[in-house]
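Notes for the one structure printed next.
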Number of protein chains: 2
Amino acid sequence: MSTRRAPTLEDVAARAGVSRATVSRVVNADPRVRATAREAVSRAVTELGYRPNRAARALVKRAPDSVAVVVPETDQRVFSDPVIMEMLRGISEGLEETPLQMVLVLGRAGRDTDRLERWLRGGHTDGAIVLSAHLDDGVTSALSEIGLPTVMIGRPPGPEQGLPFVDLDNVDGGRQATDRLVARGCRRIGTVAGPVDMAASRDRLAGWRESLGAAGLADDAVEHGDFSSEGGRLAMRRLLAAHRDLDGVFVASDLMAAAAVSELQAAGRAVPGDVAVVGYDDSPAAQLTVPRLTTVANPGDRMAREATVMLRELLAGRPVSSRVLPTHLVEGGTA
Amino acid sequence: MSTRRAPTLEDVAARAGVSRATVSRVVNADPRVRATAREAVSRAVTELGYRPNRAARALVKRAPDSVAVVVPETDQRVFSDPVIMEMLRGISEGLEETPLQMVLVLGRAGRDTDRLERWLRGGHTDGAIVLSAHLDDGVTSALSEIGLPTVMIGRPPGPEQGLPFVDLDNVDGGRQATDRLVARGCRRIGTVAGPVDMAASRDRLAGWRESLGAAGLADDAVEHGDFSSEGGRLAMRRLLAAHRDLDGVFVASDLMAAAAVSELQAAGRAVPGDVAVVGYDDSPAAQLTVPRLTTVANPGDRMAREATVMLRELLAGRPVSSRVLPTHLVEGGTA
DNA sequence: ACAGTACGTGAGAGCGCTCTCACGACGCGG
DNA sequence: CCGCGTCGTGAGAGCGCTCTCACGTACTGT
């Protein structure tokens with residue numbers, strides 16, 4: 001019943017009748033080992049159930065082996081955000097072919113910042129990817145100070161910390177969405193924007209303004225939602241109450257857009273007949289609406305994947321610069 | 001510009017004028033070091049920016065240092081499930097005070113099972129926690145075969161693999177919800193159940209049946225939804241069409257319940273006046289409804305936290321048995 | 001005054017692995 | 001038949017850390 005020591009290279013070597021070095025070569029697929037020796041080793045490995053000790057290996061080859069994925073779980077919003085999961089998947093896929101492990105670090109800014117910072121300083125990982133949908137929470141400044149190779153997903157709000165980021169072009173996304181409404185002939189275009197403290201919301205709103213400005217239309221019909229379904233419904237209701245002549249609306253998230261569409265229909269407006277709607281995210285869940293939402297692609301997984309590429313560059317000692325990925329409109333039936 | 005070697009214990013020792021052992025003691029907060037020595041070391045540590053090498057440390061103290069958190073991302077459903085995030089947070093919190101790192105492993109069953117299994121066999125971590133909201137995907141059997149200390153969150157559907165699990169008492173939850181409707185005087189009670197392939201849905205449905213059976217009421221008003229808002233709305237619509245005399249509904253998730261409430265209201269039924277509704281999850285997002293949902297607590301974070309406790313027992317070599325945590329009704333205004 | 005007992009410290013042996021280096025056994029051309 | 005290159009292999013030196021053990025040194029009690 002004693003938990004017997006795990007077999008080591010030494011044990012395998014003894015069993016196979018070769019030296020440690022040879023076993024190491026076989027395990028690491030070094031070609032210059034005679035076939036007979038290789039087989040003997042392989043047999044010994046399986047017989048003993050040998051598994052290389054990760055720590056020992058990491059100790060000697062000083063290569064990076066793990067990256068922290070920091071999710072500053074600031075509030076309930078992030079929490080229910082499917083995009084977070086999508087990004088995690090993107091990172092996971094981007095790291096798939098590398099020996100890098102993805103160490104998840106959750107923490108609520110404010111409450112956990114100290115702990116988080118201490119942990120990051122602890123040198124547990126060789127790099128970090130920060131999902132920063134939010135206002136600066138102290139973590140980013142800590143990271144840039146520590147000097148840990150870091151990539152931010154989503155342009156950090158507030159002053160630049162000098163950390164490279166990947167982001168999607170939310171300004172252009174908002175513009176494309178609104179351009180579509182304009183091109184359709186809408187003259188009175190409102191927007192259900194996202195939370196004011198998120199860079200993505202602000203950018204989409206800016207894009208909406210730019211498009212309207214270029215078209216010479218008014219840009220005063222704005223209501224903010226919290227990116228949730230219910231928030232979208234309420235914002236749409238307020239928007240409609242304040243501007244009864246609305247014939248087009250850009251809603252800054254699909255979840256909100258789906259709710260907005262049903263709110264409009266409940267109010268007796270045909271979509272897109274009376275009011276055209278463009279959403280944002282191209283999220284699968286919100287594509288169940290009838291008619292299917294016209295929306296803007298917002299591939300969080302691609303962004304995340306890009307972040308892993310950048311981080312690997314950093315780990316290799318090469319400098320990287322921030323990237324802003326293009327978005328595009330996804331055709332649907334609501335605009 | 002050469003990437004100079006990171007400072008080691010040796011360097012710190014030299015700078016502080018003590019031995020490696022003393023530095024090690026200071027770093028590890030060993031009390032038996034004279035204050036003066038301790039200060040000298042601390043100073044040297046900060047001056048040099050010394051950070052202990054995790055690999056070396058792990059090599060010598062053969063203590064477990066990381067656990068895999070396997071999220072079998074089977075389909076879109078999990079993806080948008082806020083409960084997953086809640087569980088991740090619970091695990092994160094449960095591991096907070098331990099040296100264990102949380103290594104996230106995402107993988108879609110089927111497509112990624114091989115890769116996942118290979119990875120798990122690779123011995124990258126010392127244990128695993130599996131978020132198993134789904135039908136068996138091969139990962140669990142692999143884990144029980146490998147012998148890696150593992151705890152499942154959510155009772156695995158299908159045959160027991162001998163792996164310990166934590167779960168919430170969904171049968172009792174369904175029963176409590178329905179008992180409430182019965183106690184309120186409802187005589188014609190339907191349910192919007194969850195997906196048929198999930199243990200949690202099946203258990204809640206079973207609880208609903210038990211309660212109705214005990215009360216001598218019919219249990220034929222059943223519709224299934226996919227746990228999404230839209231799915232709940234549609235299921236409610238079908239349920240109402242099939243059973244116009246409904247005076248009570250147990251909806252197996254808050255997201256669906258919120259949609260069901262608005263669907264009922266749209267159909268001209270007062271809630272809870274004409275039809276009483278009980279949801280499930282006590283999710284913050286779905287608590288925004290007016291009136292506030294009467295629902296069943298479903299603390300994923302507590303379950304996850306319990307899983308970390310169990311895993312730590314396993315890692316310490318002690319046997320553990322599965323646990324089913326109690327749930328309770330949360331008062332609201334819809335029943 | 002001396003043994004006994006802390007207590008703080010340093011020397012040094014590993015932990016399991018990789019990797020360089022050297023060495024013997026070949027095969028080749030001259 | 002000798003020198004040379006090639007190939008497969010083993011010996012052994014670390015990687016950075018922890019931890020045991022032994023050794024002062026400074027207290028106690030008698």
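Numbers restart at 1 for each chain; the letters A, B, ... are given by sequence-line order, proteins then strands. For the numbers below, each heavy atom of this structure counts, side chains included, while hydrogens, waters and symmetry mates do not.
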Quiz prompt | Heavy-atom side-chain proximity of Val27(A) to Arg57(A) below 4.5 angstrom | solution = yes
Exercise. Give Ala37(B) one of three labels, base, sugar-phosphate or nothing, depending on what nucleic acid heavy atoms sit under 4.0 Å from its own.
Key: sugar-phosphate
Practice problem: Check whether any side-chain nitrogen or oxygen of Ser19(A) sits under 4.0 Å from OP1 or OP2 of dA11(D), and answer yes or no. | Solution: no
Quiz item: Is any side-chain nitrogen or oxygen of Asn53(A) closer than 4.0 Å to OP1 or OP2 of dC15(C)?
Solution: no
Quiz item: Starting at the 5' end of DNA chain C, which residue's closest nucleotide do you reach first, Thr36(B) or Ala56(B)?
Solution: Thr36(B)
Self-check item: Pro7(B) or Arg38(A), whichever maps to the more 5' nucleotide of DNA chain D
Solution: Arg38(A)
Quiz item: Nearest to the side chain of Val33(A) - dT9(D), dC17(D), dT18(C)?
Solution: dT9(D)
Quiz item: What distance separates Thr150(A) OG1 from Leu143(A) CG, expressed to the nearest 0.5 Å?
Solution: 4.0 Å
Quiz item: In whole Å, what is the span from the CZ atom of Arg32(B) to the C1' atom of dC21(D)?
Solution: 11 Å
Quiz item: Any side-chain heavy-atom pair from Ile91(A) and Met102(A) closer than 4.5 angstrom?
Solution: yes
Practice problem: Any chance you could lay out the side chain to side chain contact (heavy atoms under 4.5 Å, CB included) test for Leu104(A) and Val103(B), step after step, and finish with the verdict? | Solution: CA-CA 6 Å; Leu104(A) 191 66; Val103(B) 177; over 6 Å; no
Quiz item: With distance as the sole test, does Arg305(B) use its side chain to make a donor-acceptor pair with the main-chain N or O of Gly90(B) at under 3.5 Å?
Solution: no
Quiz item: Whole Å only: how far is the CZ atom of Arg34(A) from the C1' atom of dC7(D)?
Solution: 9 Å
Quiz item: Under 4.0 Å: is that the gap between some side-chain N or O of Ser24(B) and OP1 or OP2 of dC17(D)?
Solution: no
Exercise. Using only side-chain N and O atoms of Thr8(A), determine if any of them is under 4.0 Å from OP1 or OP2 of dC15(C).
Key: no
Exercise. Could you state the atom-to-atom distance from CG of Asp65(A) to C1' of dC17(C) in whole Å?
Key: 14 Å
Quiz item: OP1 or OP2 of dG16(C) sitting under 4.0 Å from any side-chain N/O of Arg62(B)?
Solution: yes
Quiz item: Nearest to the side chain of Val60(B) - dG14(C), dT18(C), dC15(D)?
Solution: dG14(C)
Exercise. Name the nucleic acid region contacted by Arg20(B), choosing base, sugar-phosphate or nothing; use a 4.0 angstrom heavy-atom cut-off, strictly under.
Key: base
Quiz item: Roughly, in whole Å, what's the span from CZ in Arg51(B) to P in dC17(D)?
Solution: 12 Å
Exercise. Whole angstrom is fine here: how far is it from CZ in Arg54(A) over to C1' in dC17(C)?
Key: 14 Å
Quiz item: Charged N to carboxylate O below 4.0 Å: is that the case for Arg302(B) and Glu306(B)?
Solution: no
Exercise. Report which part of the nucleic acid Ala55(B) touches: base, sugar-phosphate, or nothing (heavy-atom distance under 4.0 Å, all strands).
Key: nothing
Exercise. Take atom CG of Asp30(A) and atom C1' of dT9(D), then tell me their distance rounded to the nearest Å.
Key: 11 Å
Self-check item: Between dG14(C) (C1') and Leu59(A) (CG): distance, integer Å
Solution: 12 Å
Quiz item: Under the 3.5 Å rule, do the base of dG10(C) and the side chain of Arg25(B) count as making a donor-acceptor pair?
Solution: yes
Exercise. Give the rounded distance in Å between these two atoms: NZ of Lys61(B) and C1' of dT20(D).
Key: 15 Å
Quiz prompt | Arg57(B) side chain near dT18(D) phosphate (N/O to OP1/OP2, under 4.0 Å) | solution = yes
Quiz item: Between dA11(C), dT18(C), dC17(C), which nucleotide gets closest to the side-chain atoms of Ala21(B)?
Solution: dA11(C)
